[in-house]
Amino acid sequence: MLARRHIGAALAIAAIAGVSCLIRLPGFTEGGFASHDVGGILYEAMLLRAGGLPYVDAIELKAPGTFYLATFLAGPEARDIAAFQVAANLVAVASLLVLAALAWRLWGARAAVVAAALYALHDAHLDSMDANYVTWAQLPAVAAGLCAARAATWREDHALRSRSFRTWLFGGVMCGLAALCKQPSGVVLLPVLFWAVCPPGRRDLRAGLAVLAGFLLAHVPVALHYLARGQLGALLGGYVWNPWGFEYIAHNAAGTGPARAAWEFVAAAVHFLALPLALAAFAVAARPRGHAPKDVLSIPADTSAPAPRGHDPKDTSPPPADASALPSRGHDPKDMSPASADAPSAPSPPRHAPKDSRHVPGAMRFLLAWTAAAMLAAATGLRFYKGYWLGALPPLCLLAAAPWGASAPALWRRGWPRLIVAPLVLALTMRAAWALHLTRDDRARPHDEGARAIGRWLGERTGPDDTIWVWGWHLWGVHAYSGRLSASRIYKTLGLLTTTPDDTWRSPAGPAKVLTDGRAAQQLLSDLAAAPPAFVVIGGTAPKHEFPALRRFLADRYVRDHGLRFGKVEIWRRADR
């Protein structure tokens, strides 16, 4: 019967993953950029393939992990967006399956189905910019939680201590990979480290050191690559301590008061995560106390193990004065089982607990710490884009799926939950399903027709050794579609050549201004003068009239090319071509 229930849960999770694939189906076949940040990822991958280095040959704000992934996953030239998106969609579905495995480890089969369904209702919508940085960071972040859960369980068995230590080490590696794909996602290190060092009732510094060692170990291949090129300082200055990134955070924080920031944080969290937030809050409030451990149900994962019969150290009552005070261990005449008189009796689970609930010490504390860390990461820059909230989704789904929460069958059978909570949950579920419908339609439409047309046009008119320069965030994909690198280290202009973007999850950006006296403007002019690109492409929204020095440079050495007209985009061809 138990095996049948597990098989049913596995089939249900497989069906949920199948539905997730259907939602993401356009990303398997469309082959166009849904996120212009992906244009930046592929540009850096092209740079790596050409022998260059991010942070050295291009000024970059993002973590380098996705750049290296794209060199393997984006085709032989590291610029095949279709192949890259297929891999990203597979990674996204794998994140769902690993989350289900983690829920199964923590709470059992029924909870795994609940957590997977709740996650699948939200992840594709939050990650609508598929193949973006957060897509790749999510899988190692969830895998770090699974490693921590397994290590925490094995730590309780002296015979499995070495296996537990290795798993903590591997969990640290997963935390490092998450940070390498997206720096804010690296905050998963904090709850994993907390669980490793502070299990209930004691300290385990050895496990904490293993997590930290694994985190550093994940960075060794990239560090060795830069070290071999004599550019380790550039990696540290671009990835670990990027001045442009800190300026971005400081700029947005300076323009937003504490009260406004707090309001935007709460409003965005509720808007994007209303259902998992509500169910997680209910599960935390309904957590059993007194008769069960603070973190989990007191049901061992291995029910075949004998229950200890010694004095419970948490029990403050005095032990029996003599053996006669102990309950009789003889065979009960009413008991027809052939059990031995000396066999210890197994503890009976609480009536509201599923039979396959697990006992993972410290699980609730870990999930609460993970939620807090992920929420803080989502507030980075105080812009609260929906993709930022994807990192907070796994711990919320796991909290909601706890055996005393949404996965408790008795919860929905009687009383006020059925009359009050159930209609609210149904309404929020329908809202999330509608958002998934809109997301699927949005994924079915390419968002980069201009970049495709311009990239193809430039590719036909340039050679492999030619360079171009593109101004406009919506044109970053031109590099991948044309196969041409930038003539300047300033291939991204937001926050460098122009002011830092100030748009948020619900407010549009104000007009950008050119920082004509900034370091980036001077470097751009120097780069273009030293090696003039074959073509310069300026987007229609770029504030080109505020940069007279660039206009003079173009007027002196370039001519307008009207061979391709696309909106307000300007294409300039070098005069000697």
Side-chain angles (χ1 to χ4, degrees), residues 99 102-103 105-107 140-179 184-218 280-281 283-285 287-290 292-301 308 312-316 357-377 391-392 394-399 401-405:
L99 178 82
L102 175 53
R105 164 64 59 171
L106 293 178
W107 314 127
V142 179
L146 178 59
C147 291
R150 295 183 68 88
T153 304
W154 289 334
R155 171 163 55 188
E156 303 305 313
D157 189 335
H158 188 271
L160 299 176
R161 289 288 177 85
S162 60
R163 182 186 296 182
S164 174
F165 179 80
R166 292 193 300 268
T167 309
W168 285 121
L169 180 70
F170 191 68
V173 170
M174 292 295 104
C175 294
L177 293 179
S185 296
V187 298
V188 71
L189 172 68
L190 301 179
V192 170
L193 189 61
F194 171 69
W195 203 0
V197 175
C198 302
R202 63 184 189 279
R203 296 290 180 269
D204 190 350
L205 295 180
R206 185 169 178 264
L209 291 175
V211 172
L212 290 177
F215 184 83
L216 296 176
L217 185 62
V284 171
R287 181 176 54 167
R289 290 173 174 81
K294 292 182 179 180
D295 294 351
V296 288
L297 294 175
S298 55
I299 304 174
D312 186 353
K314 296 182 180 179
D315 184 9
T316 57
S357 297
R358 300 294 192 264
H359 178 195
V360 184
M364 280 294 290
R365 297 192 308 166
F366 166 70
L367 294 178
L368 292 173
W370 188 2
T371 300
M375 288 286 191
L376 289 176
L396 289 176
C397 292
L398 293 168
L399 285 171
W404 47 84

**Report entry** side chain to side chain contact (heavy atoms under 4.5 Å, CB included) assessment of Asp204 paired with Val197
**Finding:** CA-CA 5 Å; Asp204 190 350; Val197 175; 6.0 Å; no

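- Leu399 has its side chain within reach of Leu368: a pair of non-hydrogen atoms, C-beta onward, lies under 4.5 Å apart.
- In terms of heavy-atom proximity, Ala141 sits nearest to Val188 at O-CG2, 3.8 Å.
- Arg163 contributes atom CZ, which lies 15.5 Å from atom CZ of Arg155 (distance to the nearest 0.5 angstrom).
- Atom CG of Leu106 and atom CG of Leu398 lie 6.0 Å apart (nearest 0.5 Å).
- Although no hydrogens or angles enter the test, the distance criterion places no donor-acceptor pair under 3.5 Å between the side chain of Arg287 and the main chain of Met364.
- Annotation: the span from Leu160 atom CG to Phe165 atom CZ amounts to 15.0 Å, rounded to 0.5 Å.
- Separation of atoms CG (Leu367) and CH2 (Trp107) is listed at 6.0 Å; rounding is to 0.5 Å.
- The minimum heavy-atom distance linking Ala280 with Leu396 is given by the pair CB-O, 3.7 Å.
- Minimum interatomic distance between Gly171 and Cys147 (heavy atoms only, all atoms of both residues): CA-CB, 3.6 Å.
- The two residues Gly405 and Ala283 come nearest to each other via the heavy atoms CA-CB, 3.9 Å.
- Arg150 contributes atom CZ, which lies 8.0 Å from atom OG1 of Thr153 (distance to the nearest 0.5 angstrom).
- The aromatic ring centroids of Trp154 and Trp168 lie 6.0 Å or more from each other.
- Residues Ala179 and Gly186 come closest through the heavy atom pair CB-CA, 3.7 Å.
- By the 4.5 Å heavy-atom criterion applied to side chains, Pro361 and Pro200 are counted as neighbours.
- Proximity of Leu169 to Val211: side-chain heavy atoms (C-beta onward) are nowhere separated by under 4.5 Å.
- To the nearest 0.5 Å, atoms OG1 (Thr167) and CE (Met174) are separated by 11.5 Å.
- Between Trp370 and Phe194, the closest side-chain pair of non-hydrogen atoms is not below 4.5 Å.
- Minimum interatomic distance between Ser164 and Ala151 (heavy atoms only, all atoms of both residues): OG-O, 2.8 Å.
- Two residues are said to be in side-chain contact when any heavy atoms from C-beta on lie closer than 4.5 Å; Trp195 and Val360 meet this criterion.
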